[in-house]
Peer 1: 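I'd like to ask some things about the structure below.
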Amino acid sequence: MSDSARDRAIASWLSDRIAEGRMPGAVWWVGDLDGPVSRGALGCAALEPDREPARTTTVYDLASLTKPLSTATLAALLEQDGGLDLARPCEAWLPEFRGGPYADATLLDLACHRSGMPAWAPLYVRARDRDSALAAIASEPPERERGSTGYSDLGYIALGIAIERATGRDLAALFRERVAAPLGLDGIGYGVDPARTTSVAPSERGNAFERTLAGERAAGHRFRDRLIRGTVHDGNAHALGGVAGHAGLFGTAADVARIALAW
């Protein structure tokens, strides 16, 4: 397929999805170690208060891509350096789990979504910092047996905190030092410089989706109701200051591609 034919095929498929209302816009990057063979942008990055076109330079809330791009990458680098043993039970770094159902889960279990932890819980109802978030996770009953795979935000929140405790550094600083800087990336990271907010795609007006997901567990909780732009959309990451193991990164499609190619 020629480059122009590839561009047309990708653009046509994405245009159909935008027309269906699946998303307001999209940015794509396709390539290999020699560089991109197709890249582009379609539709809108923002719909309100004004319509703004999506661009290849548009910065997005990368949400759960934070898990592989930051947390799993840092865990692998730290083990490679001898600074973290992923085979150790997580209670070595997370004593909040001692005596509970997750005490024997290893850091690798957390990284591979096989700790048995639930997929999600509105930790922000009970937690406002890392210690209380861990206590809230420890009190959540397992959703499955340890060793069986089940996607879990909670596992990656715990893994991120374990990495911070093992190194004495926060994830934002570690990501800048160990991932972004060596790759020459100065645009991807946790949070957004206020001066760059206009280049960031908004995610949602308020947290209507999470409000529905949390249901009665979050009765009385004050959810955000403004347009969320330049701050992390995920409620648990927001409660942890925007820096967490499961969410919090912002970046462009090209930033994501560069880290993926480094892997």
Peer 1: Check whether Asp234 reaches the backbone of Ala247 with its side chain - one donor and one acceptor, N or O, closer than 3.5 Å.
Peer 2: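 Not a single qualifying donor-acceptor pair exists.
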Peer 1: Would you please test Thr149 and Arg144 for side chain to side chain contact (heavy atoms under 4.5 Å, CB included) and show each step?
Peer 2: CA-CA 8 Å; Thr149 303; Arg144 59 191 57 82; over 6 Å; no
Peer 1: Between Val30 and Tyr60, is there a shared hydrophobic cluster once you connect ILVMFWY residues whose side-chain heavy atoms come closer than 4.5 Å?
Peer 2: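 Looking at the clustering, Tyr60 is in a separate group from Val30.
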Peer 1: Using atom types as modelled and distance alone, determine if a side-chain donor or acceptor of Ser12 lies under 3.5 Å from a backbone N or O of Ala9.
Peer 2: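 Answer holds: no.
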Peer 1: About how many Å separate CD of Glu140 and CH2 of Trp120, when rounded to the nearest 0.5 Å?
Peer 2: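 Reported value, rounded in 0.5 Å steps: 10.0 Å.
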Peer 1: Is the side chain of Asp255 donor-acceptor paired with the backbone N or O of Thr252 at a distance under 3.5 Å, no angle test?
Peer 2: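 Yes; judged by distance alone, with no hydrogens or angles, the pair exists.
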Peer 1: Answer yes or no: does atom CG of Asp81 have more than 12 heavy-atom neighbours from other residues, nucleotides or ligands under 6.0 Å?
Peer 2: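 Count over threshold, so yes.
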Peer 1: Can you tell me how far the CG atom of Leu86 sits from the CD1 atom of Ile163, to the nearest 0.5 Å?
Peer 2: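 These two atoms lie 8.0 Å from each other.
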Peer 1: Quick one: does any side-chain atom of Arg17 pair with a main-chain N or O of Met23 as donor and acceptor, under 3.5 Å?
Peer 2: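 No, because the side chain of Arg17 does not come within donor-acceptor range (under 3.5 Å) of the backbone of Met23.
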Peer 1: Give a yes or no on whether a salt bridge exists between Glu96 and Arg165, defined as a side-chain N under 4.0 angstrom from a carboxylate O.
Peer 2: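 Yes, Glu96 and Arg165 are salt-bridged.
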Peer 1: I'd like to know if the side chain of Ser70 and the backbone of Lys67 have a donor-acceptor N/O pair within less than 3.5 Å.
Peer 2: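 It does not hold such a pair.
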Peer 1: What distance do Phe250 atom CZ and Asp193 atom CG have between them, rounded to the nearest 0.5 Å?
Peer 2: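 Phe250 atom CZ to Asp193 atom CG measures 12.5 Å (nearest 0.5 Å).
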Peer 1: Tell me whether Leu134 is reachable from Val125 by hopping between hydrophobic residues (I, L, V, M, F, W, Y) whose side-chain heavy atoms are closer than 4.5 Å.
Peer 2: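 Different clusters.
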Peer 1: Quick check: closest heavy atoms across Gly245 and Thr71, and the distance to 0.1 Å?
Peer 2: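 Answer, listing the atom of Gly245 first, then Thr71: O-OG1, 2.6 Å.
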Peer 1: If you look at every heavy atom in Pro68 and Trp263, which pair is closest and at what distance?
Peer 2: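 Heavy atoms of Pro68 and Trp263 come nearest at O-NE1, 4.0 Å.
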Peer 1: Hey, any chance Ile259 and Val243 share a hydrophobic cluster, counting ILVMFWY side chains that come within less than 4.5 Å of each other, even indirectly?
Peer 2: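 Yes, Ile259 and Val243 fall within the same hydrophobic cluster.
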Peer 1: What's the spacing between Asn207 CG and Thr212 OG1 if we round to 0.5 Å?
Peer 2: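 Nearest 0.5 Å value for the CG-OG1 distance: 10.5 Å.
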Peer 1: Counting only N and O atoms by type, is there a donor-acceptor contact under 3.5 Å from the side chain of Arg178 to the main-chain atoms of Leu78?
Peer 2: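 No, the answer is negative, given that no donor and acceptor are paired below the 3.5 Å cut-off.
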Peer 1: Checking Tyr102 side chain against Arg146 main chain: does a donor-acceptor pair fall under 3.5 Å?
Peer 2: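 No.
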Peer 1: Got a sec, which residues hit side-chain contact (heavy atoms from CB on, under 4.5 Å) with Ala162, two or more places apart in sequence or on another chain?
Peer 2: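 Once residues adjacent in sequence are excluded, the partners of Ala162 under the side-chain contact (heavy atoms from CB on, under 4.5 Å) criterion are Trp93, Leu94, Leu107.
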Peer 1: Are Leu62 and Ile188 close enough, and set up right, to give a side chain to side chain contact (heavy atoms under 4.5 Å, CB included), and what steps lead you there?
Peer 2: CA-CA 10 Å; Leu62 297 177; Ile188 186 172; 3.8 Å; yes
Peer 1: Just how far is it from atom CD of Glu91 to atom CZ of Phe97, taken to the nearest 0.5 Å?
Peer 2: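 Atom-to-atom, Glu91:CD and Phe97:CZ are 10.5 Å apart.
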Peer 1: Determine whether Val256 and Phe175 fall in the same hydrophobic cluster, where Ile, Leu, Val, Met, Phe, Trp and Tyr are linked whenever their side-chain heavy atoms lie under 4.5 Å apart.
Peer 2: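 In one cluster with Val256: Phe175, yes.
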Peer 1: Could you tell me whether the side chain of Thr66 and the main chain of Gly248 form a donor-acceptor pair under 3.5 Å?
Peer 2: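 Yes.
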Peer 1: Not counting sequence neighbours, which residues clear side chain to side chain donor-acceptor pair (under 3.5 Å) with Ser203? List them please.
Peer 2: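 In terms of side chain to side chain donor-acceptor pair (under 3.5 Å), with neighbours along the sequence ignored, Ser203 is linked to no residue.
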Peer 1: Do the side chains of Arg226 and Thr231 get nearer than 4.5 Å, heavy atoms only?
Peer 2: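 Side-chain contact under 4.5 Å: yes.
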Peer 1: Mind listing the closest non-hydrogen atom pair of Met117 and Ser152 along with its distance?
Peer 2: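 Where Met117 meets Ser152 most closely, the heavy atoms are CB-OG, 3.6 Å.
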Peer 1: Any chance the side chains of Ser115 and Asp109 put a donor and an acceptor closer than 3.5 Å?
Peer 2: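 Result is no, nothing qualifies.
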Peer 1: Shortest non-hydrogen contact from Val179 to Pro182?
Peer 2: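 Closest approach of Val179 to Pro182: O-CD, 3.4 Å.
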Peer 1: Given the rule in the ring-ring contact (aromatic ring centres under 6.0 Å, His included) test, do His238 and Tyr124 qualify, once you have shown the distances and angles that lead to the verdict?
Peer 2: CA-CA 9 Å; His238 183 254; Tyr124 44 78; 9.1 Å; no
Peer 1: Heavy-atom distance under 4.5 Å between the side chains of Leu108 and Arg114, does that happen here?
Peer 2: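 Yes; the side chains approach each other to less than 4.5 Å.
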Peer 1: In terms of heavy-atom contacts, does CD of Glu20 have more than 12 from other residues, nucleotides or ligands at under 6.0 Å?
Peer 2: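 Counting other residues, nucleotides and ligands, CD of Glu20 exceeds 12 neighbours.
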Peer 1: Side-chain heavy atoms under 4.5 angstrom apart, residues restricted to Ile, Leu, Val, Met, Phe, Trp, Tyr: same cluster for Leu42 and Val59?
Peer 2: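 Result: no, two separate clusters.
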Peer 1: Of Leu159, Leu123, Leu110, which meets side chain to side chain contact (heavy atoms under 4.5 Å, CB included) against Leu154?
Peer 2: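 For Leu154, the side chain to side chain contact (heavy atoms under 4.5 Å, CB included) test succeeds with only one of Leu159, Leu123, Leu110, which is Leu123.
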Peer 1: If every non-hydrogen atom of Ser132 is compared with every non-hydrogen atom of Arg126, which pair is closest and at what distance?
Peer 2: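 Nearest heavy atoms, Ser132 then Arg126: CB-O, 4.4 Å.
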Peer 1: For Asn236 and His246, which I'm curious about, is there any donor-acceptor pair between the side chains at under 3.5 Å?
Peer 2: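 Note: Asn236 and His246 side chains miss the donor-acceptor criterion.
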Peer 1: Would the distance check show the side chain of Glu204 and the main-chain N or O of Phe209 forming a donor-acceptor pair, the cut-off being under 3.5 Å?
Peer 2: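 A pair under 3.5 Å: yes.
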Peer 1: Measuring from atom OH of Tyr156 to atom CD1 of Ile161, what distance do you get when rounded to the nearest 0.5 angstrom?
Peer 2: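 That separation rounds to 14.5 Å.
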Peer 1: Tell me whether Arg55 contacts the main-chain N or O of Val27 through its side chain, where contact means a donor paired with an acceptor under 3.5 Å.
Peer 2: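 Between the backbone of Val27 and the side chain of Arg55 there is no qualifying donor-acceptor contact (under 3.5 Å).
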Peer 1: Might you work through the side chain to side chain contact (heavy atoms under 4.5 Å, CB included) test for Tyr190 and Asp170, ending with a clear yes or no?
Peer 2: CA-CA 11 Å; Tyr190 286 89; Asp170 71 23; over 6 Å; no
Peer 1: Using a strict threshold of under 4.0 Å (side-chain N to carboxylate O), is an ion pair present between Glu210 and Arg224?
Peer 2: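 Answer for the salt bridge query: no.
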Peer 1: For the residue pair Ala136 and Ser139, what are the closest heavy atoms and their distance?
Peer 2: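 Ala136 and Ser139 have their closest heavy atoms at O-OG, 2.7 Å.
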